[in-house]
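Right, one structure below, let's go through it.
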Amino acid sequence: MTRINTSRGGSYIRLLENEINFNVVSSSGVKQTPFILHSNGNASLQGKFEAKEVKVTTTPTADFVFEEDYNLPKLEDVEKHIKENKHLPEIASAKEMEKEGVNVGEFQIKLLQKIEELTLYSIEQNKNLKEQAERIKKLEEQLSIKK
């Protein structure tokens, strides 16, 4: 064991056959293992994680939303799901997230999917607004001709 901090309490790294433990011993002698690197590539952390950058590599992305054969949910169905379940379709409920946690990579893709769906809804609404404006303009022109 190599002590990082030699004062009472101190910290040390413990190299085991299948993991590396970063240990902290409080001044009262209580050992804590706040960070563990496992041989399977996983890491366990008790506490907060802070970084200047985090890169999550996962596939696929949410660009499938823009494919011609994508079945964009009807807004009425989304509204019904929200009223019944109090969360978006394909997104876990707050209770489930609290209980199970959240896979950040998968969650980011789901959020991007919802943003892309919102973009498609907005584009459709914009087309409808332009069409309605044209129809109103034509009706106003017809009414002014008749006067």
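Taking NZ of Lys86 as the start and OG of Ser93 as the end, the distance is 12.5 Å to the nearest 0.5 Å. Separation of atoms CG (Asn21) and OG (Ser44) is listed at 9.5 Å; rounding is to 0.5 Å. Between atom CG of residue Asp77 and atom CD1 of residue Ile82 there is a gap of 11.0 Å, rounded to the nearest 0.5 Å. In this structure, Lys99 NZ and Glu96 CD are separated by 8.5 Å, a value rounded to the nearest 0.5 Å. Of the inter-residue distances, the one linking Lys110 atom NZ with Leu88 atom CG reads 11.0 Å to the nearest 0.5 angstrom. Taken to the nearest 0.5 Å, the OG1 atom of Thr119 stands 12.0 Å off from the CG atom of Asn126.
Hydrophobic clustering (side-chain heavy atoms under 4.5 Å, transitive across Ile, Leu, Val, Met, Phe, Trp, Tyr) keeps Leu45 apart from Leu16. In the hydrophobic clustering of ILVMFWY residues, with side-chain heavy atoms under 4.5 Å counting as a link, Val102 and Phe49 come out apart. Hydrophobic clustering, with ILVMFWY side chains joined whenever heavy atoms are under 4.5 angstrom apart, keeps Val56 apart from Phe107. No continuous path of ILVMFWY side-chain contacts below 4.5 Å connects Leu112 to Val104, so the two sit in separate hydrophobic clusters.
A heavy-atom distance below 4.5 Å is not found between the side chains of Leu120 and Glu116. Between Glu106 and Ile109 the shortest side-chain heavy-atom distance does not fall below 4.5 Å. Under the 4.5 Å side-chain criterion, counting only non-hydrogen atoms from C-beta, Thr57 is in contact with Lys55. Residues Arg135 and Glu131 form a side-chain contact, since some pair of their non-hydrogen atoms from C-beta on lies under 4.5 Å apart. Side-chain contact check for Met97 versus Ile91: some heavy-atom pair is nearer than 4.5 Å.
With hydrogens and angles left out, the side-chain atoms of His81 and Asn85 include a donor and acceptor closer than 3.5 Å.
Using the six-membered ring where Trp is involved, Phe35 and Phe22 have ring planes that are tilted, between 30° and 60° apart.
Here the side chain of His87 pairs no donor or acceptor atom with the backbone of Ala94 at under 3.5 angstrom. In this structure a side-chain-to-backbone donor-acceptor pair under 3.5 Å is present from Lys114 to Pro89.
Using a 4.0 Å cut-off between a side-chain N of Lys or Arg and a carboxylate O of Asp or Glu, Lys83 and Glu79 qualify as a salt bridge.
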Enumerate donor-acceptor pairs with a distance under 3.5 Å from any side-chain N or O in residues 61-74 to protein atoms, sequence neighbours excluded.
{"from": "Tyr70", "atom 1": "OH", "to": "Gln113", "atom 2": "NE2", "distance (Å)": "3.2"}
{"from": "Tyr70", "atom 1": "OH", "to": "Glu117", "atom 2": "OE2", "distance (Å)": "2.3"}

